[in-house]
Chemist: 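Quick one: structure below, then a few questions.
Just so you know, these numbers come straight off a predicted model, no measurement behind them.
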Amino acid sequence: MGQGQKGSSDKKEGKKKRDESPAPEDGHKCRVFRFPLLVALLQLLLGVAVTAVAFLMLAISPSLLARETPHWAGIILCLVSIMGFILYCVTYHPDERTSMQFIGKLLYFVLCTIGLVISVLVIAFAGHHYSQASSFSCEQVGEDCVCTLDQKDPIARTFTYEGVSDCEVITGTLTLYFLLQIVMNLAQALVCAVGAFIMWKHRYQVFFAGLQIGSPSPKQWQKV
């Protein structure tokens, strides 16, 4: 009799715990508050801005090299942001129970890491060219602008910018564009780092904080 009452009370307790557990989430809705939409949105805006400034730089002179006009970096970062928007609307299941969710997270993590590396490369190139353009001494030669780092050095390297009617554009506007590329790609690198960190943290939930050991009583737990 006593055992029967005990079993009945245990069943009621178990049922009560199940009733008090949180209701399952609707897996068919976009995860509005689960993925930081701001990260993907910032990646898109910064990618578009980097691409636009790069094409403005290319419009100054067609002789500018690809590393000087990083439109390719902006386009790649726009693709990274699109992957973030796709992941934003992937059906949510806890513990990555769907292959689509797992692949999406992994791909976005890899793309954010690549975006971070690309942004750092663009910062390095833009910083180098900014320091050069700031020290240029330019003169107009026909329809071209010929610049040198040191006019007194007869063997100094010369930089010829074709189709430039005013050398002030090279020493002024182009230098400003290089500075903008440094600032925007620095912001983009930080955003990509945040995106990669969020994916890593979401995969592993929380940082390691110790072990949890069960005590003889099922209701008491000890954290060490």
Side-chain angles (χ1 to χ4, degrees), residues 35-90 103-136 138 143-147 149 157-167 169-200:
F35 182 79
L37 179 62
L38 182 61
V39 173
L41 187 60
L42 284 175
Q43 285 176 332
L44 180 61
L45 293 176
L46 288 170
V48 170
V50 168
T51 305
V53 172
F55 280 117
L56 287 174
M57 296 169 72
L58 192 60
I60 292 176
S61 174
S63 59
L64 288 171
L65 301 176
R67 66 173 179 266
E68 296 174 296
T69 57
H71 53 275
W72 44 273
I75 294 171
I76 292 173
L77 292 168
C78 287
L79 296 177
V80 175
S81 69
I82 290 172
M83 184 62 216
F85 286 118
I86 293 173
L87 184 61
Y88 173 75
C89 285
V90 167
I103 292 171
K105 286 182 181 180
L106 179 62
L107 185 58
Y108 186 68
F109 175 81
V110 172
L111 288 175
C112 281
T113 306
I114 293 173
L116 174 61
V117 173
I118 289 174
S119 297
V120 171
L121 286 176
V122 173
I123 291 170
F125 285 135
H128 172 69
H129 292 300
Y130 174 77
S131 63
Q132 277 189 338
S134 300
S135 306
F136 276 162
C138 302
E143 295 184 354
D144 301 336
C145 182
V146 179
C147 302
L149 291 173
R157 183 182 175 185
T158 60
F159 301 85
T160 302
Y161 296 95
E162 300 175 355
V164 179
S165 58
D166 185 7
C167 287
V169 176
I170 301 299
T171 57
T173 307
L174 186 61
T175 304
L176 177 62
Y177 285 158
F178 282 134
L179 186 60
L180 283 175
Q181 289 289 4
I182 293 172
V183 174
M184 290 188 297
N185 280 279
L186 178 60
Q188 186 69 278
L190 293 174
V191 172
C192 286
V194 170
F197 173 75
I198 289 172
M199 286 298 98
W200 177 84

Chemist: Any side-chain heavy-atom pair from Val80 and Tyr108 closer than 4.5 angstrom?
Modeler: yes
Chemist: If every non-hydrogen atom of Met83 is compared with every non-hydrogen atom of Leu107, which pair is closest and at what distance?
Modeler: SD-CD2, 3.7 Å
Chemist: Within the 4.5 Å heavy-atom criterion, are Thr175 and Phe136 side-chain neighbours or not?
Modeler: no
Chemist: Which atom pair, heavy atoms only, marks the closest approach of Ala73 to Ile118?
Modeler: CB-CG2, 3.6 Å
Chemist: Could you give the distance from CD (Glu68) to CG (Leu58), rounded to the nearest 0.5 Å?
Modeler: 10.0 Å
Chemist: According to the ring-ring contact (aromatic ring centres under 6.0 Å, His included) rule, which pairs have a member within residues 114-134, sequence neighbours left out?
Modeler: His129-Phe178
Chemist: Quick check: do Leu121 and Pro70 have side-chain heavy atoms less than 4.5 Å from each other?
Modeler: no
Chemist: Is any side-chain heavy atom of Leu174 less than 4.5 Å from a side-chain heavy atom of Tyr161?
Modeler: yes
Chemist: Please give me the minimum heavy-atom distance between Ser61 and Glu162, naming the atom from each residue.
Modeler: OG-O, 2.8 Å
Chemist: What distance separates Asp144 CG from Ser63 OG, expressed to the nearest 0.5 Å?
Modeler: 7.5 Å
Chemist: Taking side chain as C-beta onward, heavy atoms only, is Leu46 less than 4.5 Å from Leu77?
Modeler: no
Chemist: Are any of the side-chain heavy atoms of Ile170 and Phe159 separated by less than 4.5 Å?
Modeler: no
Chemist: Who are the side chain to side chain contact (heavy atoms under 4.5 Å, CB included) partners of Leu79, not counting sequence neighbours?
Modeler: Ile82
Chemist: Check whether Ser81 reaches the backbone of Cys78 with its side chain - one donor and one acceptor, N or O, closer than 3.5 Å.
Modeler: yes
Chemist: What's the separation between atom CG in Leu176 and atom CG in Leu179, rounded to the nearest 0.5 Å?
Modeler: 6.5 Å
Chemist: Measure SG to SG for Cys138 and Cys147 and state whether it is below 2.5 Å.
Modeler: yes
Chemist: What heavy-atom pair brings Gln132 and Leu149 nearest, and what distance separates the two atoms?
Modeler: O-CD2, 3.7 Å
Chemist: Should Thr69 and Phe55 count as side-chain neighbours, where that means a heavy-atom distance under 4.5 Å?
Modeler: no
Chemist: Under 3.5 Å, is there a donor-acceptor pair between the side chain of Ser119 and the main chain of Leu186?
Modeler: no
Chemist: Would you compute the distance between atom CG of Leu116 and atom CG of Asn185 and round it to the nearest 0.5 angstrom?
Modeler: 11.0 Å
Chemist: On a heavy-atom basis, which atom in His71 and which in Ala54 lie closest, and how many Å separate them?
Modeler: N-CB, 3.3 Å
Chemist: At their closest point, which heavy atom of Val164 faces which heavy atom of Ile60, and how far apart are they?
Modeler: CG2-O, 3.6 Å
Chemist: Could you check whether any side-chain N or O of Gln43 sits under 3.5 Å from a backbone N or O of Gln188, counting only pairs where one atom can act as donor and the other as acceptor?
Modeler: no
